Structures are given as structure tokens and as C-alpha cells.
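Structure first, then comments.
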Amino acid sequence: MSLETSLELNNQLLTQHNALLERLITALASGVALRPDTMAQVQEYRETVPDTKAENTVIRKVTLDDLEFSDIIALAAFYPTPQELSKAMVKRVVDYRDAEGDKRVVQIDALDSALQGVKRAGHLNKPALLDLSRNILRFWDDLPTIAARRDFAERLLDAPADGRHEVKPKTSGKDEERTGPFYCKNVDGSAASELHTLRKLNELLKKGHIEITKVEYLQLQEDFARKNAAKGGTETGDDAGDNAGEQTDFAALRKQAEGMILQLAKGGYRAEAVAILEKQGAKKLGEVADENLADVIAQAEKALEG
């Protein structure tokens, strides 16, 4: 209410009040009582102050800018296709900050580690970082190493925004560059072979054999050796017939496992290295039993591959 309006109303009230007093004095002097219905009713003014507290309280919606760098990486992995940010999505990525052991996702941590080493990624706004992460995850299987992921990220950042969908990982012609030994098994896993030429490997793959890692090959050889011993040493599990029953070199396996655990720790995968050891009930590699070394190596290889 303006000052002029307030003063005008006050004057009106004062006039009515004076008139009432004058009539009251007249009535007292004449001895005539005033009837209630003839008394002027004095108006009372109360200014109503609106409650603006509720109106001024605005609940702001959480945006990508409220999330941390690592949250954006997790968001890209959990939700690879673009969609509106929801409370459930935010809660999931925020809860992942404190995830440990088996609850950690190797792919998320591997991408986070890779992009932490890309200087320009740290200066991107959150929507751009999310787009970059999703683009890398699209070709994850073609980016087996942290160096390949960082190189691809740099190439994506070099490309114009409307041309990033055309950027593809570099092809390295891996088959031509590969050197033996190679390892494969038949479909039912009843036999496994160590090969020294790519030509021989390709021949067996065409026949339906499956390529495996050295660790898987050694694990199969252990199984074959146990079965062979149980049957009196009359059978072999190797296609070539010269590796069955051969005693596993645990010293070599332990050295290999040690190297891979160290590689994980130095490459930003310390949480994965600790988790692998914990699965064996150990805090350090020296506490892992010989027969579990192959399993440690297999898990380490999987973690490094992402």
C-alpha cells in the first residue's frame, strides 16, 4: 500500500473517531442514551503481508554440472544411449563412488584412468565429457590398451563436433604382426594345442577350434594331467601329444602373476589388483597358493583388457 493511500485511510478513521466522540459527549450532556445500532462503526485496518517464503523456495534440478569427472564416466557406461538425467541415474553414479571389490566395474575404472591422462578432457564441460566417453565406449573392444583409448580420445577431440561420429579407431593389422606361440582348444575343451605359426592357428580356427590364452592353456594342461594320472597315465590332452602330463612351472607362473599385478597397480588399476588378491584370501601375491596362480593371471589379463 502506498504512503498516500495509508494517510488518506488514517484521516478517514480519525474523522469517524472524532464524530463518534462528539456524539458521545452530546449524549452524555443531554442524558439521552445512544442506541447500539446508531453508533458509527470504527473501521479497523490491518495490512496483510503475503507469505513469500514458500514462493521463494525453489528446488533446483540436478544437472550434469553438479556431477564429478568420474561420475560422468560412470554415467556413460551405465547409460550408453542419451536420455534425460533422472534422480535414479544420479543416485546410481554417486553411489558408485564408494563401491569396492566386486562392485567395481573394470570398464568404468579403466576409462576413467585413461581420460585422466588426457589433459583436454579435464577442461571439457560435463555434457561434452559425457559425449566423449560414450564415443569411446562404442569402440571399446577395438581399444584394448590405455594408450589406444587416450589416442582415440585425442582424435575425437581434434574432430569437429558434427564429425565425431565418423572417427574410428586405427586399425593395426594385428593378424599380420602377431607372432607365436598361439594356443587353441577344440570346441568341447577335451584337447588343447600350442602352436608356433599363425598359419597353423588359422587352419585350426577354420576347423572350428577356439583360440585361448596361455593361462587357459596351462589350466587345461593341469586338468589333463590330473585326469591322466587318475587313469594310469595312458591319455594325453594335447593335440600334438607332447605337452600332456608336463609339470607346471609354478615359479614361472608366479613371476608372470607378479608382473601383471604390478602392471595393474601402476596402470591405475590398483583396486582391481587388490580385489584379485582378496578373492584368493590374500593381501599379497606371496600368500596365493601355487594352484591358484593361473586364476590370478587370468583375472589380471581380463582386467587389463578392460
Side-chain angles (χ1 to χ4, degrees), residues 62-86 89-100 103-178 213 259-276 299-306:
V62 176
T63 67
L64 290 177
D65 291 328
D66 296 310
L67 300 177
E68 298 177 359
F69 185 95
S70 297
D71 296 336
I72 300 297
I73 308 300
L75 187 67
F78 288 143
Y79 306 98
T81 56
Q83 54 188 288
E84 185 177 357
L85 188 65
S86 67
M89 294 166 66
V90 172
K91 184 178 185 305
R92 186 177 183 186
V93 298
V94 171
D95 287 346
Y96 184 73
R97 295 176 185 173
D98 300 321
E100 297 179 354
K103 294 183 179 180
R104 301 298 300 180
V105 179
V106 173
Q107 187 185 59
I108 294 176
D109 294 346
L111 179 56
D112 191 4
S113 176
L115 290 183
Q116 291 285 359
V118 179
K119 187 175 182 180
R120 285 188 289 174
H123 299 292
L124 292 175
N125 59 45
K126 299 302 172 54
L129 177 61
L130 179 60
D131 181 67
L132 175 67
S133 301
R134 283 175 172 157
N135 270 304
I136 296 174
L137 291 171
R138 283 173 53 212
F139 299 99
W140 190 257
D141 291 341
D142 299 320
L143 304 167
T145 65
I146 191 170
R149 294 160 196 160
R150 287 175 176 170
D151 176 71
F152 187 51
E154 294 286 4
R155 292 176 56 224
L156 285 169
L157 293 172
D158 288 337
D162 58 353
R164 287 175 184 162
H165 65 283
E166 299 177 357
V167 181
K168 302 291 188 296
K170 294 179 180 178
T171 56
S172 58
K174 291 186 288 184
D175 282 349
E176 288 72 21
E177 297 177 2
R178 294 177 64 192
T213 65
M260 299 191 75
I261 291 295
L262 185 62
Q263 184 179 352
L264 278 172
K266 289 185 175 180
Y269 300 91
R270 185 179 181 280
E272 285 72 20
V274 172
I276 290 172
Q299 293 180 52
E301 284 186 338
K302 184 178 180 180
L304 287 170
E305 291 172 359

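Small disclaimer: the values here were computed from a predicted structure and weren't measured. What you see below is based on every heavy atom in this structure, not just the backbone, and it leaves out hydrogens, waters and symmetry mates.
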Count the heavy atoms belonging to other residues, nucleotides or ligands that lie under 6.0 Å from CD of Gln83, then report whether that count exceeds 12.
->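 Check passes, neighbour count above 12.
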Looking at Leu64, Leu75, Asp66, which one forms a side-chain contact (heavy atoms from CB on, under 4.5 Å) with Lys126?
-> Leu64
Name the one of Leu137, Ile73, Asp112 that satisfies side-chain contact (heavy atoms from CB on, under 4.5 Å) with Gln107?
-> Leu137
Return the minimal non-hydrogen interatomic distance between [X] and [Y], and the atom names on each side.
{"X": "Leu132", "Y": "Ala121", "answer": "CD2-CB, 4.3 Å"}
{"X": "Arg104", "Y": "Ala99", "answer": "CD-O, 2.8 Å"}
{"X": "Leu115", "Y": "Ala153", "answer": "CD2-CB, 3.8 Å"}
{"X": "Leu157", "Y": "Leu124", "answer": "CD2-CD1, 3.8 Å"}
{"X": "Phe69", "Y": "Gly122", "answer": "CE1-CA, 4.0 Å"}
{"X": "Tyr269", "Y": "Ala303", "answer": "CE2-O, 4.3 Å"}

Do [X] and [Y] make a side-chain contact, defined as non-hydrogen atoms from C-beta onward lying under 4.5 Å apart?
{"X": "Gln116", "Y": "Ser70", "answer": "yes"}
{"X": "Lys302", "Y": "Val106", "answer": "no"}
{"X": "Pro127", "Y": "Ile72", "answer": "no"}

Any donor and acceptor pair, going by atom type alone, linking the side chain of [X] with main-chain N or O of [Y] inside 3.5 Å?
{"X": "Ser133", "Y": "Leu129", "answer": "yes"}
{"X": "Lys168", "Y": "His165", "answer": "yes"}
{"X": "Tyr96", "Y": "Val105", "answer": "yes"}
{"X": "Arg150", "Y": "Val118", "answer": "no"}
{"X": "Arg134", "Y": "Ala77", "answer": "no"}
{"X": "Asn135", "Y": "Asp131", "answer": "yes"}

What's the separation between atom [atom1] in [X] and atom [atom2] in [Y], rounded to the nearest 0.5 Å?
{"X": "Gln299", "Y": "Ile261", "atom1": "CD", "atom2": "CD1", "answer": "8.5 Å"}
{"X": "Ile136", "Y": "Arg138", "atom1": "CD1", "atom2": "CZ", "answer": "11.0 Å"}
{"X": "Asn125", "Y": "Leu130", "atom1": "CG", "atom2": "CG", "answer": "10.0 Å"}
{"X": "Tyr79", "Y": "Leu85", "atom1": "OH", "atom2": "CG", "answer": "9.0 Å"}
{"X": "Met89", "Y": "Glu84", "atom1": "CE", "atom2": "CD", "answer": "9.0 Å"}
{"X": "Asp142", "Y": "Arg149", "atom1": "CG", "atom2": "CZ", "answer": "11.5 Å"}

Output yes when Asp158 and Arg120 qualify as a salt bridge under the 4.0 Å nitrogen-oxygen rule, no when they do not.
->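 Yes, Asp158 and Arg120 are salt-bridged.
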